Each structure stands twice: as C-alpha cells, then as structure tokens.
Participant: 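Starting off with a structure, shown below.
Source: prediction; values computed, not measured.
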Amino acid sequence: MIPPPLPPDEPRRLQALLRLGLLDTPAEERFDRIVRMAARMFRVPITLVSLVDGSRQWFKARVGLEGSSTERSLSFCGHAILTPHTFVVRDALEDLRFADNPFVTGEPHVRFYAGHPLHATDGSAVGTLCLIDRQARDFSEEERQLLEDLASWVELELNALTVQEARTALAQQERFFELSVDMLCIAGLDGTFRRLSRAWTRTLGYSEQTLLTTPLLELVHEEDRASTAEWLARGARDEHLPYFEHRCRGQDGTWHWLQWNATINSEEGILYGVARDVTEQKRLEAERHQVERMKSEFVSTVSHELRTPLTSIRGSLGLLEGGILGELPPQAQDMVRIARTNTERLIRLINDILDLEKMESGKLDFHLEPLELRALLAQAVEAHHGYAEECGATVELAVEAPEARAMVDGDRLLQVLANLLSNALKFSPRGERVTLRLARVATRLRVSVEDRGPGIPESFRARIFEKFAQADGSDTRRKGGTGLGLSIARALVERMGGTLDFVTGDGLGTTFRVELPEWHAETGASATPMPRQVEKTTESTPGARPRVLHVEADEDNRRVVADVLRDVADVVPARNPPEAESALRSGPFPLVIAEPVLPEGGLLPLAPLLAAGPVVLFSVREAEPEVARQVSAVLVKSRASNEELRSAVLRLLQSAANGAHSLPPRGSP
C-alpha cells in the first residue's frame with residue numbers, strides 16, 4: 001500500500017476547507033440527493049461526498065457506508081485530490097497503491113473507484129465526489145463527463161449559501177455599515193467609491209450619492225493629492241498599503257484629517273478601506289506641542305533669569321557671612337545667615353522643579369561610568385560638613401567595601417546623596433550623628449544613610465516617594481522642602497539600574513538604602529580613572545599668581561567669582577566672546593571659567609577657549625554630554641557652593657602648575 005502524499009499547497013488547501021464551514025456538520029438534503037442520484041445513475045453500491053482534512057477523510061454525504069470518516073492515509077480520495085481530472089482505479093487488487101489496503105482486502109471490499117476532485121472558490125482541492133464498487137469495471141469517457149458534471153453541482157453547493165443565510169449575512173453587513181463610527185468603504189483602485197458607510201455622510205456632510213459620484217482625489221487637499229495618488233498607485237501595483245493620513249474637504253469647506261487603513265483585492269480590483277477622522281486628535285497634538293514649546297521656553301527662562309541672580313545673591317551672602325568685609329555685628333550676621341539659608345532653599349526649589357521637568361520629558365542626561373563609590377561618598381560627606389554644623393549634628397562615613405565600584409553617573413549619585421543627607425540632618429536631633437555607610441549585600445552594593453531622628457510617620461510611608469509629598473505635622477512643615485526630592489532621587493537611582501527604599505520606626509530613626517549592581521572589571525581590562533576625594537589645598541599656589549579668564553555676561557556673578565577666588569588667582573573678566581578673544585591675546589591663561597549660555601539664548605563658542613587651556617563651565621544649566629566631555633569640569637551655579645568652585649579651580653591650577661595633562665573627571669568639583 002502506498003499512502004497518498006501531501007499536495008504542495010497543503011496549508012492553503014486546509015485553510016480553504018476550514019473556511020467552507022462544513023466539517024463535522026449534520027447531513028443536508030442538498031448533498032444527500034446528489035449521492036443518491038449518483039448511486040442510481042452509475043449502479044454502484046457506494047457513493048460519497050468526501051472532504052479531506054489533515055488526518056482523515058470525512059463524509060458530508062454517503063450512500064452504502066455506515067461510518068462517517070476513515071483515516072486519510074488509507075483513503076483513495078487522498079490520491080484523487082492530487083489530480084485535476086477524474087481519478088479512476090479499475091481493479092484495486094491489480095494496483096500496487098491499493099492491493100493490500102485493508103478496505104480492499106476487507107470491508108467494504110473496494111475493487112473499483114472513480115473520484116472527481118471538488119474545489120473551493122480559490123481553486124483548492126478540498127475533497128471528492130466518488131463512486132465505489134465491489135467489482136472491477138471499466139469507466140467510459142461518457143461516464144467520466146457525467147461524474148464531472150455531478151461534481152460541479154456538488155461544488156456549487158459547497159460554496160453556496162442558502163437564500164436565508166445570504167439575507168442574514170447581508171443584513172448583518174448593513175447593520176455593521178450603519179453603526180460603525182469609522183468610515184468604511186469599498187472603492188476602485190482609481191479612488192471611486194462603490195459602497196460607503198453612513199459615517200462618511202456624518203463626518204463630511206455630503207450625501208451618499210454625491211460621494212459615490214465624486215472621486216476621492218477631488219476631495220483631497222491640494223498639498224496631499226500627490227501622496228494620495230501614489231498611495232492608490234501602490235494598491236494598483238498590488239503592494240502592501242501602509243497607514244496613511246491626508247486632509248479631505250467637508251461640504252461646509254472645513255478640512256478633516258483622515259487616517260486610513262486599507263487592503264487590496266487584486267483579483268477584483270477593489271480596495272477595502274477604513275478611514276478615521278483624527279482632526280480633533282491632530283488639534284490636541286498641536287496644542288500639546290505648543291504647550292511643550294511654552295514649557296521649554298519657561299524652563300529656559302527660569303534657568304537663566306532666576307538661577308543667575310540667585311547664584312550671585314547666594315555667593316554674595318556667603319562671602320559676607322565668611323567675613324570678606326570683616327566681622328559683622330551678631331544681629332547682622334544672623335540676618336545674613338537667614339537670607340543665605342532662604343536663598344538656598346529657593347534655589348533647591350527651582351532645581352527640583354527643573355529636574356522633574358527634565359525627567360518627565362526624557363531630557364535628563366546620564367553619563368554612566370564605573371566609579372569607586374568610597375571616593376564619591378567621601379566627597380558627599382565633605383560637602384555636608386557645613387550644613388551638619390548648622391543643624392548641630394555630625395556626618396560620619398563607614399566603608400565596609402572599600403574597593404567597590406558601580407556603573408553610575410557621579411554627578412547624579414552625588415545629587416541623590418545630597419538629598420538623603422540633607423533630609424537626615426534636617427530631622428536629626430541636635431548632637432546626634434548621621435552615618436553614610438557603604439556595604440556589600442550579596443551581588444549588590446548598598447549605600448545607606450542612617451539617622452537617629454523620630455522616624456517617618458506610619459500614615460506617610462506609602463506616599464513618601466510621590467511628587468510633592470510631605471508628611472503632615474507642624475514640625476515637618478516647619479522644616480520646609482518641596483516634596484520633590486525623594487521622588488527625583490528614586491528616579492535617578494532607577495535610571496542608574498538601582499533601587500531606593502527605606503526602613504524606619506517610630507523614635508528609632510530612618511535608613512534610606514540605595515542598592516546598585518556591583519561592577520567588576522574584566523580580566524586584563526584597564527582601570528577607569530576614578531573620581532578623587534576633594535583634597536585639602538593650600539590657600540595660594542607657589543610662585544606668581546595665575547591669571548584666570550572668566551567669561552560671564554552677568555556683572556554680579558563676575559564680581560562674586562572674583563571675590564571667591566581673590567586669594568587664589570587674578571580673575572580677568574570678559575562679558576562676551578569679543579572681550580574673551582581680546583583677553584586671550586593679552587597672554588596665557590592656565591584656566592578659563594565660562595558661562596556657555598548667552599543672555600540672548602545662544603551658546604558661547606568654546607573652541608577658542610579650549611585652545612587656550614583647561615575650561616570649567618560654571619553655568620545656569622547642565623552641559624550636553626558631548627560638550628561636557630570637552631571640558632575639565634562642569635559646575636551648575638545653583639548646585640555648586642563658593643567652596644566647591646574655589647576647590648575645583650585650585651585643583652585645576654595645581655594640575656596645570658605640575659604639568660598634568662589629563663583632565664579631572666566630571667563629578668569631582
């Protein structure tokens with residue numbers, strides 16, 4: 001026995017068979033009458049309408065057999081669907097394909113078989129109309145033609161709906177077209193409509209008759225006609241049609257944005273399309289872009305118009321508090337301190353709002369590199385000594401994993417630690433200490449900020465990382481803050497691949513924990529330069545006083561920087577690029593300090609300054625990554641204190657004096 005092979009179009013054939021919807025359905029008189037007629041006409045005991053699926057042949061109609069199906073591998077019909085003509089086996093016992101078939105050697109003792117293939121509408125052979133006899137016999141050409149005619153009748157029934165089914169389907173289609181919010185249509189490939197849903201008249205205002213007699217291109221905006229014609233031409237070439245948008249004119253003269261999704265039936269030469277009116281969506285998008293533009297302009301204004309004067313105010317107050325004009329009377333000293341503290345509070349508010357806006361718009365830049373955390377933590381402790389003294393507390397550093405490194409942005413991690421340490425100090429009782437701890441926990445590094453304060457209230461713990469969240473209570477409100485710091489800190493940590501959480505208890509203090517994946521250098525990999533702890537430096541450099549060029553449009557900031565560096569270098573001011581170029585021609589500068597943001601909104605040309613020597617950007621906003629990589633340091637005015645600016649300048653001047661060529665890493669002021 002030779003089982004029938006699979007046709008080359010088997011997947012397509014099976015799909016066509018399933019689309020008929022006839023497999024495993026009850027008997028129907030329209031098929032039964034055909035097999036009865038065939039049995040009488042050809043005088044055979046068995047006639048079948050057989051449908052061949054993946055594993056069996058199933059009988060939609062039968063005469064002379066009890067079972068409803070047999071295995072496909074044993075079937076004669078499996079062979080019959082492989083040929084376009086009538087398949088005839090005169091004597092199965094003499095045919096090698098069937099001689100030992102159990103249906104030949106046993107019941108129903110098949111000797112003669114004649115089957116004509118049945119086709120679905122796409123031409124796929126889905127089964128046969130077949131005749132079976134228990135005796136061998138010839139099959140004349142006239143009989144072949146007669147069987148073929150009967151098979152054509154079966155095909156009509158296979159692919160035909162009853163009148164009632166057709167009416168039901170048509171009614172459902174009508175309801176679908178009537179109720180659809182989207183604009184459904186059937187059109188020729190030249191853009192002429194053949195059928196339209198009611199949504200077209202509701203949207204554009206034209207009558208259905210007007211639309212049926214008006215080609216689509218006549219409704220399209222002049223600027224969109226070429227692209228629309230090309231879209232239709234792609235359909236005519238039987239190419240896939242992408243999503244498409246264009247403007248169509250309504251009856252009242254208004255323009256509607258239509259978004260299309262369509263498919264082509266190349267055999268019929270028609271397009272099935274769904275158009276959706278997205279005019280309101282387009283309007284909202286335009287408004288959103290306008291709001292984003294206004295927001296961006298506002299942020300730029302805040303950055304420059306508020307940060308610049310506030311920086312000079314804070315710097316001036318810091319110089320006064322530090323005794324630049326001599327010792328102040330106690331009452332004046334206290335008033336200066338209050339003014340400076342509130343100025344810094346206002347600067348923190350502006351910084352938080354700007355950081356939040358950048359994160360929400362995806363514009364907050366990160367420069368990740370493998371950094372030694374001990375150095376960064378030491379830098380954070382050093383930066384908070386002054387605030388700790390104001391709060392009457394101390395900050396200690398506990399390092400349990402001294403060589404540990406993580407892939408972080410040094411500036412961003414310092415920003416996170418600044419928020420956590422300032423909060424811990426703010427809520428610590430006087431005389432207590434805050435511990436900044438670095439430990440290894442399994443495969444991760446944990447940076448903890450531990451305080452001995454009152455703990456976080458139970459009612460506030462679930463909301464602590466929400467925007468603008470603050471705990472209730474007069475003491476908490478008195479401490480101030482925007483309620484944005486912890487939300488920003490968690491977002492920054494997550495952008496660096498870490499997590500931020502906390503543990504707390506009433507009267508037991510609070511510990512905030514930053515966990516980061518530990519970074520390990522590959523064998524043989526060169527070590528990456530690490531940020532260095534802020535070094536204690538002498539008050540002046542040996543030898544002649546160096547000259548530092550300061551390019552800054554704001555006069556107040558120029559005066560503050562000159563006063564901050566009065567015992568470090570001679571500061572040569574320049575208000576604009578021409579003055580900077582003139583100063584550079586007057587002699588060498590071992591260091592240049594520059595505000596790259598010009599008052600009119602442009603950017604300062606950095607090339608002449610970089611050619612002169614190391615450059616420190618002291619700016620109202622953070623530098624773009626490609627700019628930051630070109631300079632020696634980037635300090636944001638609203639974040640860097642007088643001491644941090646002075647320390648950065650001192651170190652760079654010492655490096656220049658020692659002939660060092662490598663630039664200090666960003667993140668180390």
Participant: Are Pro242 and Arg234 side-chain neighbours, meaning at least one heavy-atom pair lies under 4.5 Å?
Facilitator: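 The answer is yes; the side chains approach within 4.5 Å.
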Participant: Mind checking whether His246 and Trp260 have parallel, tilted or perpendicular rings, split at 30° and 60°?
Facilitator: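 Aromatic pair His246/Trp260 classed perpendicular.
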Participant: Do Val126 and Ile81 come close enough that some side-chain heavy atom pair is under 4.5 Å?
Facilitator: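 Sidechains of Ile81 and Val126: no contact.
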Participant: Between Gly273 and Leu271, what is the shortest heavy-atom contact and its length?
Facilitator: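 Closest approach of Gly273 to Leu271: N-CD2, 3.7 Å.
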Participant: Rounded at 0.5 Å granularity, tell me how far CG in Asn261 sits from CG in Asp182.
Facilitator: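 Rounded to the nearest 0.5 Å, the CG-CG separation comes out at 10.0 Å.
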Participant: Restricting to non-hydrogen atoms, name the atom on Ile46 and the atom on Gly64 that form the minimum distance, rounded to 0.1 Å.
Facilitator: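 Looks like CG1-O, 3.8 Å.
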Participant: Indicate the atoms forming the closest heavy-atom contact of Met183 with Leu258, along with that distance.
Facilitator: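 In this case the closest contact between Met183 and Leu258 is SD-CD2, 3.9 Å.
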Participant: Are Arg72 and Glu10 close enough for a salt bridge, meaning some N to O gap below 4.0 Å?
Facilitator: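 Salt bridge flag = yes for Glu10 with Arg72.
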Participant: Whether Glu287 and Arg283 form a salt bridge (side-chain N of Lys/Arg under 4.0 Å from carboxylate O of Asp/Glu) is what I want to check.
Facilitator: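 Between Glu287 and Arg283 there is a salt bridge, with a charged N closer than 4.0 Å to a carboxylate O.
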Participant: Restricting to non-hydrogen atoms, name the atom on Leu217 and the atom on Leu232 that form the minimum distance, rounded to 0.1 Å.
Facilitator: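 Looking at all heavy atoms of both residues, the shortest contact is CG-CD1, 4.4 Å.
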Participant: Is the shortest side-chain N to carboxylate O distance from Arg56 to Glu71 below 4.0 Å?
Facilitator: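 Looking at Glu71 together with Arg56, the answer is no, because their closest N to O distance does not fall below 4.0 Å.
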Participant: Would you indicate whether Glu494, at its atom CD, is surrounded by more than 12 heavy atoms from other residues, nucleotides or ligands within a distance under 6.0 Å?
Facilitator: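 More than 12 within 6.0 Å, yes.
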Participant: Tell me whether Glu626 at atom CD has more than 12 heavy atoms from other residues, nucleotides or ligands lying less than 6.0 Å away.
Facilitator: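 Yes, because the 6.0 Å sphere around CD of Glu626 holds more than 12 heavy atoms from other groups.
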Participant: Within the 4.5 Å heavy-atom criterion, are His256 and Leu204 side-chain neighbours or not?
Facilitator: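 Of all side-chain heavy-atom pairs linking Leu204 with His256, at least one is under 4.5 Å.
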Participant: About how many Å separate CG of Leu48 and CZ of Phe31, when rounded to the nearest 0.5 Å?
Facilitator: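 The distance works out to 14.0 Å.
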Participant: Flag the pair Arg12 and Asp122 as a salt bridge only when some basic side-chain nitrogen lies within less than 4.0 angstrom of an acidic carboxylate oxygen.
Facilitator: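 Salt bridge flag = yes for Asp122 with Arg12.
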Participant: For residues Trp255 and Cys248, determine if any side-chain heavy atom of one lies less than 4.5 Å from a side-chain heavy atom of the other.
Facilitator: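 The answer is no, as the side chains (C-beta and beyond) never meet within the 4.5 Å cut-off.
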Participant: Carefully, step by step, assess Glu515 and Thr499 under the rule side-chain hydrogen bond (donor to acceptor under 3.5 Å, both in side chains).
Facilitator: CA-CA 5 Å; Glu515 290 197 1; Thr499 59; 4.5 Å; no
Participant: I'd like to know if the side chain of Thr203 reaches the main chain of Ala199, judged simply by a donor and an acceptor atom lying under 3.5 Å from each other, with no hydrogens or angles considered.
Facilitator: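 Side chain of Thr203 to backbone of Ala199: a pair is present.
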Participant: Okay, side chain of Arg225, backbone of Val220: is any donor-acceptor separation there less than 3.5 Å?
Facilitator: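 A pair under 3.5 Å: yes.
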Participant: Going by the angle between their ring planes, with limits at 30° and 60°, are Phe465 and Phe502 parallel, tilted or perpendicular?
Facilitator: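 The rings of Phe465 and Phe502 sit tilted, inter-plane angle from 30° to 60°.
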Participant: I'd like to know if the side chain of Thr25 reaches the main chain of Gly21, judged simply by a donor and an acceptor atom lying under 3.5 Å from each other, with no hydrogens or angles considered.
Facilitator: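 Checked: no pair found.
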Participant: Check this for me: Glu29, atom CD, are more than 12 non-hydrogen atoms of other residues, nucleotides or ligands nearer than 6.0 Å?
Facilitator: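 Count over threshold, so yes.
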Participant: Sub-3.5 Å donor-acceptor pair from the side chain of Asn159 to the main-chain atoms of His119, do we have one?
Facilitator: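 Looks like yes, one N/O pair under 3.5 Å.
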Participant: Give a yes or no on this: more than 12 heavy atoms of other residues, nucleotides or ligands lie within 6.0 Å of atom CZ of Arg43.
Facilitator: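 No - once you tally the heavy atoms of other residues, nucleotides and ligands closer than 6.0 Å, there are 12 at most.
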Participant: Ignoring hydrogens and geometry, is there a side-chain-to-backbone donor-acceptor pair from Thr279 to Trp257 under 3.5 Å?
Facilitator: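 Yes; at least one donor-acceptor contact below 3.5 Å.
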Participant: Drop me the distance from Thr192's OG1 to Ile186's CD1, to the nearest 0.5 angstrom.
Facilitator: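 These two atoms lie 12.0 Å from each other.
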Participant: State, with a plain yes or no, whether a side-chain heavy atom of Phe193 is found less than 4.5 Å away from one of Thr214.
Facilitator: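 No, too far: nothing below the 4.5 Å cut-off.
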Participant: So, Ser50 versus Lys60: side-chain donor-acceptor pair below 3.5 Å or not?
Facilitator: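 Judged by distance alone, the side chains do not pair up.
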Participant: Between atom CD of Glu245 and atom CD of Gln281, what is the distance when rounded to the nearest 0.5 Å?
Facilitator: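 With rounding to 0.5 Å, CD (Glu245) is 7.5 Å from CD (Gln281).
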Participant: Is any side-chain heavy atom of Leu74 closer than 4.5 Å to one of Pro102?
Facilitator: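 The answer is yes; the side chains approach within 4.5 Å.
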Participant: Got a donor-acceptor contact below 3.5 angstrom from the Thr213 side chain to the Thr210 backbone?
Facilitator: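 Yes, because the side chain of Thr213 sits within donor-acceptor range (under 3.5 Å) of the backbone of Thr210.
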Participant: Can you check side chain to side chain contact (heavy atoms under 4.5 Å, CB included) on Glu223 and Arg247, steps first, answer last?
Facilitator: CA-CA 9 Å; Glu223 296 176 0; Arg247 287 161 288 181; 3.1 Å; yes
Participant: How close do Val35 and Asp32 get, heavy atom to heavy atom, and via which atoms?
Facilitator: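 Looking at all heavy atoms of both residues, the closest pair is CG2-O, 3.1 Å.
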Participant: Please report the shortest heavy-atom distance between Thr70 and Gln57, naming the atom on each side.
Facilitator: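 Looking at all heavy atoms of both residues, the closest pair is OG1-NE2, 2.8 Å.
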Participant: Can you list the steps and then say if Asp149 with Gln145 is a side-chain hydrogen bond (donor to acceptor under 3.5 Å, both in side chains)?
Facilitator: CA-CA 6 Å; Asp149 290 342; Gln145 185 60 53; 3.2 Å; yes
Participant: So, the side chain of Arg62 versus the backbone of Leu65: is there a donor-acceptor pair under 3.5 Å, distance only?
Facilitator: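 Looks like yes, one N/O pair under 3.5 Å.
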Participant: With a 4.0 Å cut-off, would you call Glu466 and Arg490 a salt bridge?
Facilitator: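 Here Glu466 does not pair with Arg490 in a salt bridge, since their nearest N and O are not under 4.0 Å apart.
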Participant: Is Arg202 atom CZ crowded by more than 12 heavy atoms from other residues, nucleotides or ligands, each under 6.0 Å away?
Facilitator: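 Yes, CZ of Arg202 has more than 12 neighbouring heavy atoms, counting only those of other groups under 6.0 Å.
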Participant: When you measure from the side chain of Tyr272 to the backbone of Ile264, do you find a donor-acceptor pair of N or O atoms at a distance under 3.5 Å?
Facilitator: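 Pair absent, no side-chain N/O of Tyr272 close to backbone of Ile264.
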Participant: Kindly compute the distance separating CG (Asp9) from OG (Ser124), expressed to the nearest 0.5 Å.
Facilitator: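 Going from the CG atom of Asp9 to the OG atom of Ser124 covers 5.5 Å.
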Participant: Treating Ser140 as the side-chain partner and Glu143 as the backbone partner, does any N or O pair qualify as donor plus acceptor under 3.5 Å?
Facilitator: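 Checking the backbone N and O of Glu143 against the side chain of Ser140, a donor-acceptor pair under 3.5 Å is found.
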Participant: Any donor and acceptor pair, going by atom type alone, linking the side chain of Arg13 with main-chain N or O of Val52 inside 3.5 Å?
Facilitator: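 Here the side-chain-to-backbone pair exists.
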Participant: Can you check whether Asp91 reaches Phe112 side chain to side chain, under 4.5 Å on heavy atoms?
Facilitator: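 No; the side chains remain at least 4.5 Å from each other.
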Participant: For the atom pair CZ (Phe103) and OG (Ser75), what is the distance rounded to the nearest 0.5 Å?
Facilitator: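 Interatomic distance, Phe103 CZ to Ser75 OG, rounded to 0.5 Å: 9.0 Å.
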Participant: Does Glu142 CD have over 12 foreign heavy atoms under 6.0 Å away?
Facilitator: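 Check fails, neighbour count at 12 or below.
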